[in-house]
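Right, one structure below, let's go through it.
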Amino acid sequence: MSRALPKYNQRRVAVIGGAAAVVLSGAVIAGSALAGTPAKNDGATGARTLAATGTITCPDVASRLPAVPASAKAEVDRNLALLQTQIQEADKRLRDTVGQGGPNFVDNAILGPLKDKRVSTVNRIATAIGRMAAKPTGLDALAPCTLNGGGNANGGGNANAGAGSAAGGNANAGGNANAGGKANAGGNAGGKANAGAGSAAGGNSGAGTITCPDVASRLPAVPASAKAEVDRNLALLQTQIQEADKRLRDTVGQGGPNFVDNAILGPLKDKRASTIDRIALSIGRTSAKPTGLDSLAACTLTK
(Lines give C-alpha, C1' and ligand atoms only; values in the text may rest on other atoms or scores of the structure.)
Protein backbone atom coordinates (compact mmCIF):
# COMPACT_ATOMS: atom_id res chain seq x y z
CA MET A 1 0.00 0.00 0.00
CA SER A 2 2.81 2.32 0.91
CA ARG A 3 4.28 1.84 -2.57
CA ALA A 4 0.99 2.13 -4.54
CA LEU A 5 0.14 5.55 -3.12
CA PRO A 6 3.16 7.33 -4.55
CA LYS A 7 2.43 5.84 -7.99
CA TYR A 8 -1.15 7.09 -7.78
CA ASN A 9 0.06 10.52 -6.77
CA GLN A 10 2.50 10.48 -9.68
CA ARG A 11 -0.29 9.67 -12.15
CA ARG A 12 -2.49 12.43 -10.70
CA VAL A 13 0.30 14.98 -10.94
CA ALA A 14 0.97 13.97 -14.56
CA VAL A 15 -2.71 14.41 -15.51
CA ILE A 16 -2.93 17.80 -13.83
CA GLY A 17 0.31 18.91 -15.44
CA GLY A 18 -0.88 17.83 -18.90
CA ALA A 19 -4.14 19.74 -18.50
CA ALA A 20 -2.28 22.84 -17.44
CA ALA A 21 -0.08 22.57 -20.52
CA VAL A 22 -3.13 22.34 -22.76
CA VAL A 23 -4.70 25.42 -21.14
CA LEU A 24 -1.46 27.34 -21.47
CA SER A 25 -1.09 26.36 -25.13
CA GLY A 26 -4.65 27.49 -25.83
CA ALA A 27 -3.94 30.84 -24.22
CA VAL A 28 -0.83 31.28 -26.35
CA ILE A 29 -2.73 30.39 -29.55
CA ALA A 30 -5.59 32.74 -28.68
CA GLY A 31 -3.12 35.52 -27.90
CA SER A 32 -1.39 34.98 -31.22
CA ALA A 33 -4.70 35.07 -33.10
CA LEU A 34 -5.73 38.28 -31.39
CA ALA A 35 -2.36 39.81 -32.07
CA GLY A 36 -2.68 39.00 -35.76
CA THR A 37 -6.13 40.61 -36.12
CA PRO A 38 -5.89 44.11 -37.56
CA ALA A 39 -7.59 46.80 -35.55
CA LYS A 40 -10.75 48.19 -37.03
CA ASN A 41 -9.55 51.70 -36.42
CA ASP A 42 -6.77 51.14 -38.95
CA GLY A 43 -9.36 50.92 -41.72
CA ALA A 44 -11.01 54.10 -40.51
CA THR A 45 -7.69 55.89 -40.52
CA GLY A 46 -7.05 54.70 -44.06
CA ALA A 47 -10.46 55.96 -45.12
CA ARG A 48 -9.77 59.41 -43.78
CA THR A 49 -6.37 59.52 -45.42
CA LEU A 50 -7.56 58.43 -48.85
CA ALA A 51 -10.61 60.65 -48.79
CA ALA A 52 -8.57 63.84 -48.32
CA THR A 53 -9.46 66.40 -50.97
CA GLY A 54 -6.75 69.05 -51.22
CA THR A 55 -7.39 72.41 -52.89
CA ILE A 56 -7.41 73.71 -56.44
CA THR A 57 -4.80 76.25 -57.47
CA CYS A 58 -5.01 78.31 -60.67
CA PRO A 59 -2.60 80.81 -62.28
CA ASP A 60 -3.36 84.47 -61.57
CA VAL A 61 -4.78 86.25 -64.60
CA ALA A 62 -5.05 89.84 -63.37
CA SER A 63 -1.29 90.20 -62.94
CA ARG A 64 -0.71 89.11 -66.53
CA LEU A 65 -2.98 91.67 -68.16
CA PRO A 66 -1.75 94.79 -69.98
CA ALA A 67 -3.19 98.21 -69.19
CA VAL A 68 -6.98 97.90 -69.35
CA PRO A 69 -8.84 100.64 -71.26
CA ALA A 70 -11.37 102.53 -69.14
CA SER A 71 -14.21 101.46 -71.40
CA ALA A 72 -13.34 97.77 -70.84
CA LYS A 73 -12.64 97.92 -67.12
CA ALA A 74 -16.11 96.98 -65.91
CA GLU A 75 -16.29 93.91 -68.14
CA VAL A 76 -12.73 92.85 -67.30
CA ASP A 77 -13.37 93.22 -63.56
CA ARG A 78 -16.60 91.24 -63.85
CA ASN A 79 -14.80 88.38 -65.57
CA LEU A 80 -11.87 88.44 -63.14
CA ALA A 81 -14.41 88.06 -60.33
CA LEU A 82 -16.01 85.21 -62.27
CA LEU A 83 -12.66 83.41 -62.42
CA GLN A 84 -12.55 83.43 -58.62
CA THR A 85 -16.13 82.19 -58.39
CA GLN A 86 -15.28 79.34 -60.73
CA ILE A 87 -12.40 78.24 -58.50
CA GLN A 88 -14.63 78.36 -55.42
CA GLU A 89 -17.29 76.29 -57.16
CA ALA A 90 -14.70 73.74 -58.26
CA ASP A 91 -13.33 73.51 -54.70
CA LYS A 92 -16.87 72.90 -53.43
CA ARG A 93 -17.46 70.19 -56.02
CA LEU A 94 -14.16 68.62 -54.98
CA ARG A 95 -15.38 68.41 -51.37
CA ASP A 96 -18.89 67.26 -52.31
CA THR A 97 -17.71 64.38 -54.50
CA VAL A 98 -15.21 62.71 -52.19
CA GLY A 99 -15.56 58.98 -52.74
CA GLN A 100 -17.03 59.25 -56.25
CA GLY A 101 -15.71 58.33 -59.65
CA GLY A 102 -12.98 56.34 -61.32
CA PRO A 103 -9.23 56.96 -61.36
CA ASN A 104 -9.57 60.11 -63.50
CA PHE A 105 -12.68 61.51 -61.83
CA VAL A 106 -11.15 64.78 -60.64
CA ASP A 107 -9.58 65.48 -64.03
CA ASN A 108 -12.76 64.64 -65.94
CA ALA A 109 -15.40 66.08 -63.62
CA ILE A 110 -13.66 69.03 -61.96
CA LEU A 111 -10.31 70.19 -63.39
CA GLY A 112 -11.27 69.66 -67.04
CA PRO A 113 -14.58 71.58 -66.84
CA LEU A 114 -12.89 74.29 -64.77
CA LYS A 115 -10.27 74.72 -67.50
CA ASP A 116 -13.01 75.04 -70.14
CA LYS A 117 -14.80 77.72 -68.11
CA ARG A 118 -11.57 79.63 -67.55
CA VAL A 119 -10.69 79.50 -71.26
CA SER A 120 -14.04 81.11 -72.10
CA THR A 121 -13.73 83.72 -69.36
CA VAL A 122 -10.12 84.60 -70.20
CA ASN A 123 -11.09 84.92 -73.86
CA ARG A 124 -13.85 87.36 -72.93
CA ILE A 125 -11.31 89.42 -71.01
CA ALA A 126 -8.95 89.48 -74.00
CA THR A 127 -11.81 90.39 -76.34
CA ALA A 128 -12.97 93.23 -74.08
CA ILE A 129 -9.46 94.73 -74.01
CA GLY A 130 -9.00 94.13 -77.73
CA ARG A 131 -11.95 96.33 -78.68
CA MET A 132 -10.06 99.45 -77.61
CA ALA A 133 -6.41 98.35 -77.51
CA ALA A 134 -4.11 95.59 -78.65
CA LYS A 135 -5.72 92.26 -77.79
CA PRO A 136 -3.52 90.37 -75.31
CA THR A 137 -2.35 86.94 -76.46
CA GLY A 138 -1.28 83.81 -74.65
CA LEU A 139 -3.75 84.20 -71.80
CA ASP A 140 -5.29 80.81 -72.54
CA ALA A 141 -2.11 79.26 -71.11
CA LEU A 142 -3.38 80.43 -67.71
CA ALA A 143 -6.55 78.34 -67.94
CA PRO A 144 -5.38 74.94 -66.56
CA CYS A 145 -5.47 74.49 -62.79
CA THR A 146 -3.93 71.86 -60.52
CA LEU A 147 -4.95 69.90 -57.44
CA ASN A 148 -2.68 70.51 -54.47
CA GLY A 149 -2.57 68.31 -51.40
CA GLY A 150 -4.49 65.14 -50.72
CA GLY A 151 -6.04 62.88 -52.97
CA ASN A 152 -9.17 61.92 -54.62
CA ALA A 153 -7.43 62.77 -57.89
CA ASN A 154 -5.71 59.59 -59.01
CA GLY A 155 -6.54 56.58 -56.96
CA GLY A 156 -7.66 58.34 -53.81
CA GLY A 157 -10.64 56.26 -53.17
CA ASN A 158 -13.06 55.55 -50.44
CA ALA A 159 -10.74 53.42 -48.42
CA ASN A 160 -12.99 50.79 -46.89
CA ALA A 161 -11.29 48.32 -49.17
CA GLY A 162 -7.81 48.97 -47.83
CA ALA A 163 -4.92 49.07 -50.25
CA GLY A 164 -6.94 47.65 -53.11
CA SER A 165 -8.93 50.84 -53.56
CA ALA A 166 -5.85 52.90 -54.27
CA ALA A 167 -5.72 51.34 -57.71
CA GLY A 168 -9.22 52.29 -58.67
CA GLY A 169 -9.93 55.83 -57.59
CA ASN A 170 -12.86 56.90 -55.44
CA ALA A 171 -14.07 53.38 -55.30
CA ASN A 172 -17.01 52.68 -53.06
CA ALA A 173 -19.07 55.65 -54.10
CA GLY A 174 -22.53 54.24 -54.49
CA GLY A 175 -23.56 53.04 -57.92
CA ASN A 176 -20.32 51.57 -59.09
CA ALA A 177 -19.51 50.26 -55.66
CA ASN A 178 -18.04 46.82 -56.13
CA ALA A 179 -16.44 47.59 -59.43
CA GLY A 180 -15.06 51.11 -59.55
CA GLY A 181 -12.30 50.68 -57.04
CA LYS A 182 -11.54 47.02 -57.61
CA ALA A 183 -11.77 47.25 -53.87
CA ASN A 184 -14.11 44.72 -52.39
CA ALA A 185 -12.65 42.03 -54.54
CA GLY A 186 -9.17 42.62 -53.15
CA GLY A 187 -7.66 44.01 -56.33
CA ASN A 188 -9.93 42.07 -58.62
CA ALA A 189 -8.48 42.34 -62.10
CA GLY A 190 -12.00 42.23 -63.49
CA GLY A 191 -12.59 45.80 -62.38
CA LYS A 192 -15.45 47.28 -64.35
CA ALA A 193 -16.50 43.90 -65.66
CA ASN A 194 -17.94 42.93 -62.29
CA ALA A 195 -20.03 46.05 -61.98
CA GLY A 196 -23.24 44.25 -62.85
CA ALA A 197 -26.30 45.75 -61.29
CA GLY A 198 -24.25 48.20 -59.21
CA SER A 199 -23.13 50.15 -62.24
CA ALA A 200 -26.57 50.13 -63.77
CA ALA A 201 -28.02 51.43 -60.52
CA GLY A 202 -25.87 54.52 -60.34
CA GLY A 203 -22.80 55.15 -62.49
CA ASN A 204 -22.39 55.50 -66.22
CA SER A 205 -24.18 52.49 -67.68
CA GLY A 206 -23.28 53.63 -71.18
CA ALA A 207 -26.87 53.58 -72.39
CA GLY A 208 -28.39 56.40 -74.38
CA THR A 209 -27.21 59.60 -76.08
CA ILE A 210 -27.08 63.26 -75.09
CA THR A 211 -29.79 65.56 -76.42
CA CYS A 212 -29.56 69.37 -76.28
CA PRO A 213 -31.99 72.15 -77.27
CA ASP A 214 -31.38 73.71 -80.68
CA VAL A 215 -29.94 77.22 -80.42
CA ALA A 216 -29.83 78.32 -84.06
CA SER A 217 -33.61 78.19 -84.44
CA ARG A 218 -34.07 80.45 -81.41
CA LEU A 219 -31.85 83.29 -82.63
CA PRO A 220 -33.14 86.57 -84.05
CA ALA A 221 -31.84 87.91 -87.34
CA VAL A 222 -28.05 87.88 -87.17
CA PRO A 223 -26.27 91.06 -88.34
CA ALA A 224 -23.83 90.48 -91.17
CA SER A 225 -20.93 91.73 -89.06
CA ALA A 226 -21.66 89.04 -86.42
CA LYS A 227 -22.46 86.14 -88.74
CA ALA A 228 -18.97 84.60 -88.85
CA GLU A 229 -18.60 84.60 -85.07
CA VAL A 230 -22.14 83.29 -84.53
CA ASP A 231 -21.62 80.48 -87.04
CA ARG A 232 -18.33 79.55 -85.42
CA ASN A 233 -19.97 79.27 -82.00
CA LEU A 234 -22.94 77.33 -83.35
CA ALA A 235 -20.48 74.82 -84.80
CA LEU A 236 -18.73 74.72 -81.42
CA LEU A 237 -22.01 73.79 -79.73
CA GLN A 238 -22.23 70.73 -81.97
CA THR A 239 -18.62 69.81 -81.25
CA GLN A 240 -19.32 70.03 -77.53
CA ILE A 241 -22.22 67.59 -77.83
CA GLN A 242 -20.09 65.17 -79.82
CA GLU A 243 -17.31 65.36 -77.22
CA ALA A 244 -19.80 64.72 -74.42
CA ASP A 245 -21.22 61.71 -76.28
CA LYS A 246 -17.70 60.34 -76.67
CA ARG A 247 -16.97 60.85 -72.97
CA LEU A 248 -20.23 59.02 -72.20
CA ARG A 249 -19.01 56.02 -74.20
CA ASP A 250 -15.45 56.17 -72.84
CA THR A 251 -16.50 56.19 -69.17
CA VAL A 252 -18.90 53.25 -69.19
CA GLY A 253 -18.79 51.55 -65.79
CA GLN A 254 -17.23 54.50 -63.98
CA GLY A 255 -18.53 56.67 -61.24
CA GLY A 256 -21.06 56.95 -58.47
CA PRO A 257 -24.79 57.56 -58.71
CA ASN A 258 -24.34 61.12 -60.03
CA PHE A 259 -21.35 60.50 -62.28
CA VAL A 260 -23.05 61.39 -65.60
CA ASP A 261 -24.50 64.60 -64.14
CA ASN A 262 -21.25 65.66 -62.46
CA ALA A 263 -18.72 64.56 -65.07
CA ILE A 264 -20.59 64.94 -68.36
CA LEU A 265 -23.92 66.81 -68.35
CA GLY A 266 -22.85 69.47 -65.82
CA PRO A 267 -19.61 70.40 -67.62
CA LEU A 268 -21.44 70.34 -70.96
CA LYS A 269 -24.02 72.79 -69.62
CA ASP A 270 -21.24 75.11 -68.46
CA LYS A 271 -19.53 75.01 -71.86
CA ARG A 272 -22.80 75.66 -73.68
CA ALA A 273 -23.68 78.56 -71.38
CA SER A 274 -20.38 80.25 -72.20
CA THR A 275 -20.74 79.61 -75.93
CA ILE A 276 -24.35 80.82 -76.03
CA ASP A 277 -23.30 83.93 -74.10
CA ARG A 278 -20.69 84.66 -76.77
CA ILE A 279 -23.34 84.31 -79.47
CA ALA A 280 -25.63 86.76 -77.66
CA LEU A 281 -22.75 89.23 -77.18
CA SER A 282 -21.83 89.02 -80.86
CA ILE A 283 -25.36 89.87 -81.95
CA GLY A 284 -25.71 92.53 -79.26
CA ARG A 285 -22.79 94.58 -80.51
CA THR A 286 -24.74 95.83 -83.52
CA SER A 287 -28.32 94.86 -82.69
CA ALA A 288 -30.58 94.08 -79.76
CA LYS A 289 -28.94 91.45 -77.59
CA PRO A 290 -31.12 88.32 -77.45
CA THR A 291 -32.22 87.26 -73.98
CA GLY A 292 -33.30 83.96 -72.47
CA LEU A 293 -30.85 81.88 -74.50
CA ASP A 294 -29.20 80.59 -71.33
CA SER A 295 -32.23 78.36 -70.80
CA LEU A 296 -31.00 76.34 -73.80
CA ALA A 297 -27.73 75.36 -72.12
CA ALA A 298 -28.91 72.29 -70.19
CA CYS A 299 -28.90 68.93 -71.95
CA THR A 300 -30.40 65.57 -71.04
CA LEU A 301 -29.44 61.92 -71.32
CA THR A 302 -31.86 60.14 -73.62
CA LYS A 303 -32.07 56.40 -73.07
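Hydrogens, waters and symmetry mates play no part in the numbers below; they use all other heavy atoms, side chains included.
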Practice item. Take Asp277 and Arg124 through the side chain to side chain contact (heavy atoms under 4.5 Å, CB included) test and state the conclusion after the steps. Key: CA-CA 10 Å; Asp277 186 51; Arg124 287 197 295 272; 3.9 Å; yes
Point to revise | Minimum heavy-atom distance between Ala297 and Ala273, given as atom pair plus value | key: CB-N, 3.9 Å
Point to revise | Short side-chain to backbone donor-acceptor contact, Arg131 and Ser71, under 3.5 Å | key: no
Review point. Among all residues two or more places apart in sequence or in another chain, which pass the side chain to side chain contact (heavy atoms under 4.5 Å, CB included) test with Gln242?
Key: none
**Study point:** ILVMFWY cluster, Ile210 and Val215 together (side-chain gap under 4.5 Å)
**Key:** no
Check your understanding: What closest approach, in Å, do Ile110 and Ala90 show between heavy atoms, and which atom pair accounts for it?
Key -> CG2-O, 3.8 Å
Review point. Which pairs with one or both residues in residues 270-303 pass disulfide (SG to SG under 2.5 Å), sequence neighbours excluded?
Key: Cys212-Cys299
Review point. Roughly how far, to the nearest 0.5 Å, is CG of Asp250 from CG of Asn104?
Key: 11.0 Å
Point to revise | Heavy-atom donor-acceptor pair, Arg272 side chain to Leu296 backbone, under 3.5 Å | key: yes
**Study point:** N-O pairing of Arg95 and Asp91 below 4.0 Å
**Key:** no
**Study point:** Nearest non-hydrogen partners of Thr209 and Leu248, listed with the distance
**Key:** CA-CD2, 4.4 Å
Review point. Is the closest side-chain donor-acceptor distance between Asp60 and Ser63 under 3.5 Å?
Key: yes
**Study point:** More than 12 heavy atoms of other groups within 6.0 Å of Arg64 CZ
**Key:** no
Exercise for review: Give the intermediate values and the outcome of side chain to side chain contact (heavy atoms under 4.5 Å, CB included) for residues Thr146 and Leu111.
Suggested key: CA-CA 7 Å; Thr146 56; Leu111 294 181; 5.8 Å; no
Exercise for review: With sequence neighbours excluded, tell me which residues meet side chain to side chain donor-acceptor pair (under 3.5 Å) with Thr211.
Suggested key: Thr302
Practice item. Measure from the side-chain N and O atoms of Ser287 to the backbone N and O of Ile283, and report whether any donor-acceptor pair falls under 3.5 Å. Key: no
Review point. Roughly how far apart are Thr275 OG1 and Leu268 CG, rounded to 0.5 Å?
Key: 9.5 Å
Point to revise | Under the side chain to side chain contact (heavy atoms under 4.5 Å, CB included) test, residues paired with Glu243 that sit two or more places apart | key: Thr239, Lys271
Review point. Of all heavy-atom pairs between Ser282 and Glu229, which one has the smallest distance, and what is that distance?
Key: OG-CD, 2.8 Å
Check your understanding: Who else is in Leu236's hydrophobic cluster (ILVMFWY, side-chain heavy atoms under 4.5 Å, direct or via others)?
Key -> none
Point to revise | Passing option when Arg278 is tested against Asn233, Thr127, Asn123 for side-chain hydrogen bond (donor to acceptor under 3.5 Å, both in side chains) | key: Asn233
Practice item. Report the residues that fulfil side chain to side chain contact (heavy atoms under 4.5 Å, CB included) with Ala72, sequence neighbours left out, ordered by chain and then residue number. Key: Val68, Pro69, Val76, Ala128
Point to revise | Verify same cluster id: Ile276, Leu281 (apolar side-chain graph, 4.5 Å) | key: no
Practice item. Answer with yes or no whether the hydrophobic clustering places Leu83 together with Leu142; edges join I, L, V, M, F, W, Y residues whose side-chain heavy atoms lie under 4.5 Å apart. Key: yes
**Study point:** From NZ (Lys269) to CG (Asp294), nearest 0.5 Å
**Key:** 9.0 Å
Point to revise | Exercise: identify the closest heavy-atom pair between Asn262 and Pro267 | key: O-CD, 3.2 Å
Check your understanding: What's the shortest heavy-atom distance between Pro59 and Arg118, and which atoms?
Key -> O-NH2, 3.0 Å
Check your understanding: Hey, any chance Leu147 and Ile87 share a hydrophobic cluster, counting ILVMFWY side chains that come within less than 4.5 Å of each other, even indirectly?
Key -> no
Practice item. Nearest 0.5 Å please: distance from the CD atom of Gln86 over to the CD atom of Gln84. Key: 9.5 Å
